[in-house]
Amino acid sequence: MKTEPRVVEPSEWDEWYAKVVLAFGGVAAAPEHTGLIREITEFDRTLGVWDGAECVATAASFSFRMSVPGGALTPTAGVSMVSVAATHRRRGILSAMMRRQLDDVRERGEPLAVLLASEPAIYGRYGYGAATKQLRADIDTARVTLSVPEGTDAIRLRKAEPDEVLADIEAVYARQLPGRPGLIARLPAWDRLQILDTPADRAGASPLQCVLAERDGEVVGYALYRIKPSWEESGPNGTVALQDLQALEPQGHAALMRYLFGIDLTSTVSMSSRPVDDPWQHLVSDTRRCALRSWDGLYIRPVEVGAALAARTYRAPVDVVLEVEDAFCPWNAGRWRLSGDTGGASCERTTDGADLALSVRELGTAYLGGFPLRGLADAGRVRELSPGALAAASLAFGGDVAPWGPHTF
């Protein structure tokens, strides 16, 4: 068979997507979900490999814009639905798809590629580095209380059907973009995917519910959640499963959390994708009863090192020469002089001596500011070649807001 990936034709999409579903467990999606996935498909960025008439491998990407440090929305390829049939492993098919995809991303002028890894061990060899974490928690609301900031009582809460207030939800989300690295601007139809509410999405819980936080008639926050009821001999023990919460001010955030804590017949607020610096952690009476743990989030791959590093700003002045290793995308390999500060940056080829040496994978890990270069150096993944360069660069790459990638794709 030929292992060369090719673009999927619209007439082939049903077969192609069936192979995606099979690769990720084989549970058929609801028709509404399948219809939306087809609607958001960018066919010129959707790849497949065929063995005769059978599709045996899949990959897709989306034309996103992602917030980077400094607030710029940078063109970014969102890589998704990557699979190789179990019958066709160890033939170089995945590498061929990654090669075709990254070449395409480069031709489109997108300096970054991102993905959410179903199996993290796979993507490091293609230059993707874990760049964000997400916080998971199961808060025992029967024992944990909240101490809310002054002015929280001025917030009005209003229940609403998610589809009826989708414009308000998206307006709040859009206003968050510049302040949080890793957030992805919504493309058309993706907003509806976020509130999809089929029985399969519910997994035994209630239909999706929404509460808005308002100040003087303006929506300043929202929470999307489901309730999973449970009863024990001692009484109700339900769970509030938080899907998304965004707020533009501390009082709005606190009012929403207080509301979730107080829902009748529940004793747990469960969340699976929150920023690691989520402010509710400073409002609870006992973090030990919140069952906190972290999980890997976005994986980032600098596709054009110079353009990627020049797209963001830096927390402190930096002037450093980076020796970058990149075997899979050799156009990135070599020395780059990065000069920048809070106002902007440039990154150009240079023949000057290197100050730091690292692979493109570590550059992706450090890119959004969530993982210090110092920590990577302590792990032996970054080498300091000029005394003092590591401390200066680590400070410059950092940020005061944790990067976060809650947008699923």
Kindly compute the distance separating [atom1] ([X]) from [atom2] ([Y]), expressed to the nearest 0.5 Å.
X: Leu135; Y: Asp277; atom1: CG; atom2: CG; answer: 9.5 Å
X: Arg99; Y: Gln101; atom1: CZ; atom2: CD; answer: 11.0 Å
X: Leu183; Y: Leu298; atom1: CG; atom2: CG; answer: 9.0 Å
X: Arg274; Y: Ser294; atom1: CZ; atom2: OG; answer: 15.0 Å

Note: [X]-[Y] ion pair, threshold 4.0 Å (strictly below):
X: Asp140; Y: Arg288; value: no
X: Arg156; Y: Asp216; value: no
X: Arg301; Y: Glu362; value: no
X: Arg293; Y: Asp138; value: yes
X: Glu110; Y: Arg45; value: yes
X: Asp14; Y: Lys19; value: no
X: Asp355; Y: Arg383; value: no
X: Asp352; Y: Arg337; value: yes

[X] to [Y] - nearest heavy-atom pair and separation:
X: Ala57; Y: Ile93; result: CB-CG2, 3.5 Å
X: Phe24; Y: Val82; result: CZ-O, 3.6 Å
X: Arg226; Y: Leu196; result: NH2-O, 3.5 Å
X: Val21; Y: Val27; result: CG1-O, 3.3 Å
X: Arg136; Y: Ser272; result: CG-O, 3.3 Å
X: Leu260; Y: Leu245; result: CD1-CD1, 4.0 Å

Result of checking Arg108, Arg100, Arg106 against Asp104 for salt bridge (Lys or Arg N to Asp or Glu O under 4.0 Å): Arg108

Does some side-chain heavy atom of [Y] sit less than 4.5 Å from a side-chain heavy atom of [X]?
X: Phe62; Y: Glu42; result: yes
X: Trp404; Y: Ser273; result: yes
X: Asp341; Y: Thr313; result: no
X: Pro372; Y: Phe397; result: no
X: Tyr173; Y: Leu177; result: yes

For residues [X] and [Y], is any side-chain donor paired with an opposing acceptor at under 3.5 Å?
X: Thr58; Y: Ser83; value: yes
X: Thr41; Y: Trp13; value: yes
X: Ser230; Y: Asn237; value: no
X: Asp244; Y: Tyr222; value: yes

side-chain hydrogen bond (donor to acceptor under 3.5 Å, both in side chains) with Tyr225: which residues, sequence neighbours excluded?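 side-chain hydrogen bond (donor to acceptor under 3.5 Å, both in side chains) check on Tyr225 returns Gln209, Tyr259.
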
For Thr268, what residues pass the side-chain hydrogen bond (donor to acceptor under 3.5 Å, both in side chains) criterion, not counting sequence neighbours?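 Per chain and number, Thr268 pairs via side-chain hydrogen bond (donor to acceptor under 3.5 Å, both in side chains) with no residue.
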
What about the rings of Tyr123 and Tyr299, do their centers lie closer together than 6.0 Å? no

For the ring pair Phe43 and Trp16, is the centre-to-centre distance below 6.0 Å? no

For His253, check ring-ring contact (aromatic ring centres under 6.0 Å, His included) against everything at least two apart and list the hits. none

